[in-house]
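Have a look at the structure below before the remarks.
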Amino acid sequence: MRRPNLSLRQLILLAVLVGIAAPALVVLTLSDRLTRSSVEPILASQRAAVLSLASTSLVDPLWVLDESATKRAIEQLLADASVCSVSLLEERPGAQELKTAKCSQGWPTVDMAAGIKRDGVVLGTLTVGFDDGATDKLVRERQQQIVAIVAFQVVLGGVVILMVLYTRLIRPIDRLKRQASAIAAREPHEQGDWQRGDELGELGKHLNHAGEQIDSLLADMEAKNTQLRQMAMYDHLTQLPNRTLFREVFTHEAAFARRHRHLMALLFVDLDRFKAINDTMGHAAGDRLLLVVSERLRAAVRGSDLVCRISGDEFLLLLRDAQSADMVQATVQRMLDSVSEALELQGGQQAQVTASVGVALFPQDGEDFDELVRHADMAMYQAKQDGRARYAFYEAHLDAALAERMELERELAEAIRGNQLVLHYQPIVDAATGVVRAVEALVRWQHPTRGLLYPGAFIQVAEESGQIRELGAWTLEAACQQLSRWKSQGRHPGSVAVNLSASHFRDQRLPEQLHELIQVHALAPGELTIELTESTVMSDSEASMKTIHALRDLGIELAVDDFGTGYSSLAYLKLLRPKKLKIDRSFVRDVPGDHDDCVLVRAVLGLAHALDIEVVAEGVETEVQRQFLLGEACTLQQGYLYSKPIPAHDLALRLNAWP
Ligand SMILES: Nc1nc2c(ncn2[C@@H]2O[C@@H]3COP(=O)(O)O[C@H]4[C@@H](O)[C@H](n5cnc6c(=O)[nH]c(N)nc65)O[C@@H]4COP(=O)(O)O[C@H]3[C@H]2O)c(=O)[nH]1
């Protein structure tokens, strides 16, 4: 059976009512019987006493037959309030029964009789009719008293119990309930003042404590939630929205723009050569630069436009109400100008960075976020291809070629990290003796689907995407490791040459890194040759020269690669003082048949000998070329005539065979 759903207050009230009123009712119900049972013996003994007294008072008058005294005694008896009627029957012969009554006919009476005796002689019988209505009256009076007492008890008991229960139980429980509800509903609530030492006081104190803990947990959770939301939706460095939030806002705005036929522009901004700046100036400087750039981007657009950072040096911007392509163009140009202004980094370092921007318009260049971002990304690539520090609008025909190129970049990043790169080695031989003097490490990419790729297929991509630094680091590590392994196997190929490109030389930390590498692999500095091209030295010559000098100071050898193909500056050659010059194979290819090439080779050899620089002829494919070069005292030669670049394992077998 379901219990009625009563509140505590109702239940207590009910309990009090039942607990107090029920006994009272029982008392009242039984009071008639109880009163009667207590009153009746009293009345009976009173009546017996009256009867006995009356019969005693009649003894003498009856003995002496004094009629008047008998009457007086009977009248006296009749005067008693409890007596209704008196009847006297004398025992003497001829005596008449004497009957007197004062109550009306039919009045309830209780008749009691007693014999009147003297010296054992029965003189008569006295019968007294006692008023039975007196019993009821007495019982009623008693009952009224009981009712009054019970009522007083019920009221007083009820009031006292209810007051105590209300002040000591119901009210505190109400307070506890309110406090607990406020805690549960996470409403602001005050601590209860629980001074009392009973169970409710204890409970109140526990609730206060629990409330405090819940408040602090909630505050903690709130703070964590805010932090998580901040982390999930905003970039931690610049505090700009991140891609997730940008996508949300874009989706919302796109629906609005579609309804109101507004034009929106999505801008993909990528900083040019940021990675190089980050690597050369350090990460703190890179972070500061990103902060300044993000400020500039924000300032260049309207407050209602959205700027977000999606990764290292990439930003997305949403121009909500673009109005026209011309307006977008003006905004983007303003933005590019602002970004490229010189800025001061910590410690007064000056820096300058430019950005390439790709623009895709909504809805014409893409219906959804991913498509639009992809197209803006492609347009940004186009801007990079066009020479950086500029913008390009997405055009449908960009798709195929750029997508392929971007895919290649992504794959290359995976390749560098996923160990898909391998080094092949090509010996540099003393043509007079056939002894291997050195090996050049040349990188290959073991592509998972396209087979072995040669540097021509990916070095430029690595250069342009900034991945060349990572690739170079990998090559240096792998080459040094290999040389060290050969050495430990007793097969020393002289030294190993590694190609590094211009951006490596802009990094002032390169000497330190190479020094560490040499130490780790227990190589002598002279066992590592760095090949660089003339154009490397020419670009950003001041910074590169600093690095080059530091390398030379370390004892690391330098070789100028492809000599003769760049803007050969003799002044630089003097400054560089490389250990080796490598005559480009385009000059070797046609010797001795081509007179000009022969003159050029001789000139280079003459110059190098004068400056005490060794010369390596590249691309030697034929015996005739070998003989010609030997005849010109160019003994160090490299080319297919001796060996193509081959895997380390194959080269080791060859080294066994060579003197
Ligand atoms: N036709 C012909 N070619 C010959 C002959 N002997 C050698 N070669 C090729 O000439 C290139 C010599 O390397 P390089 O001038 O440093 O030119 C290299 C170098 O500038 C660059 N490269 C290679 N590996 C790396 C690397 O690890 N880092 C960087 N930054 N560049 C690299 O890629 C260029 C091309 O490398 P590869 O394709 O391996 O091409 C190699 C080699 O296979 C020959 O007798 N005839």
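Numbers for residues simply follow the sequence, beginning at 1. All ligand and atom numbering here is 1-based and tracks the order in the structure.
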For [atom], what's the nearest protein heavy-atom neighbour? Residue, atom name and distance, please.
atom                    : answer
atom 45 (O) of ligand 1 : Tyr640 N, 2.8 Å
atom 18 (C) of ligand 1 : Leu442 CD2, 4.1 Å
atom 28 (N) of ligand 1 : Asn499 O, 3.2 Å
atom 14 (P) of ligand 1 : Asp561 OD2, 3.5 Å
atom 2 (C) of ligand 1  : Glu621 OE2, 3.3 Å
atom 6 (N) of ligand 1  : Gln426 NE2, 2.9 Å

Against heavy atoms of [X], which atoms of ligand 1 measure under 4.0 Å?
X      : answer
Gly639 : 6 (N), 45 (O)
Gly619 : 5 (C), 44 (C), 45 (O)
Thr475 : 27 (O)
Asp562 : 15 (O)
Arg444 : 39 (O), 43 (O)

Quiz prompt | Ion pair check, Lys580 and Glu531, cut-off under 4.0 Å | solution = no
Self-check item: Salt-bridge criterion met for Asp562 and Lys582 (N-O under 4.0 Å)
Solution: no
Self-check item: Straight-line distance of Leu452 CG to His447 NE2, nearest 0.5 Å
Solution: 11.5 Å
Any idea which part of [X] is under 4.0 Å from ligand 1, heavy-atom wise: side chain, backbone, both or neither?
X      : value
Glu618 : side chain
Leu423 : neither
Glu531 : side chain
Lys582 : neither

Tell me whether [X] has any N or O atom under 3.5 angstrom from an N or O of ligand 1.
X      : answer
Gln638 : no
Val443 : yes
Arg585 : yes

Quiz item: Is there a side-chain contact between Val616 and Leu581 (heavy atoms, below 4.5 Å)?
Solution: no
Practice problem: Describe, in one word, how the ring planes of Phe250 and Phe362 are oriented to each other, choosing from parallel (under 30°), tilted (30 to 60°) and perpendicular (over 60°). | Solution: perpendicular
Quiz item: How are the rings of Phe393 and Tyr391 set relative to one another: parallel (under 30°), tilted (30 to 60°) or perpendicular (over 60°)?
Solution: perpendicular
Self-check item: Donor-acceptor contact present, side-chain Gln467 to main-chain Ala413, <3.5 Å
Solution: yes
Quiz item: So, Gln625 side chain and Thr622 main chain: donor-acceptor pair closer than 3.5 Å or not?
Solution: yes
Quiz prompt | Residue pair His236, Met231: steps toward the side-chain contact (heavy atoms from CB on, under 4.5 Å) verdict | solution = CA-CA 7 Å; His236 69 282; Met231 276 163 67; 5.9 Å; no
Quiz item: Are there protein heavy-atom neighbours of atom 38 (O) of ligand 1 below 4.0 Å?
Solution: yes
Test item, [X] contacting ligand 1 (heavy atom, 4.0 angstrom):
X      : result
Glu440 : yes
Gly456 : no
Pro645 : yes
Arg589 : no

Quiz item: Pick from Gln482, His521, Gln513: which one makes a side-chain hydrogen bond (donor to acceptor under 3.5 Å, both in side chains) with Glu477?
Solution: His521
Quiz item: What residues form a ring pair (Phe, Tyr, Trp, His ring centres under 6.0 Å) with Trp474, not counting sequence neighbours?
Solution: none
Self-check item: Heavy-atom nearest option to atom 21 (C) of ligand 1, drawn from Ala497, Ser503, Pro455
Solution: Pro455
Taking only distance into account, with no hydrogens and no angle test, what donor-acceptor pairs under 3.5 Å do side-chain atoms of residues 338-345 form with protein atoms, sequence neighbours excluded?
residue : atom : partner : partner atom : Å
Ser340  : OG   : Leu336  : O            : 3.1
Ser340  : OG   : Asp337  : O            : 3.1
Glu344  : OE1  : Gln350  : NE2          : 3.2

Quiz item: Distance only, no hydrogens: is a donor on one side chain within 3.5 Å (strictly under) of an acceptor on the other, for Asp430 and Gln637?
Solution: no
Practice problem: Quickly, which of Arg388, Lys384, Arg405 forms a salt bridge (charged side-chain N to carboxylate O under 4.0 Å, His left out) with Glu464? Name it, please. | Solution: Arg405
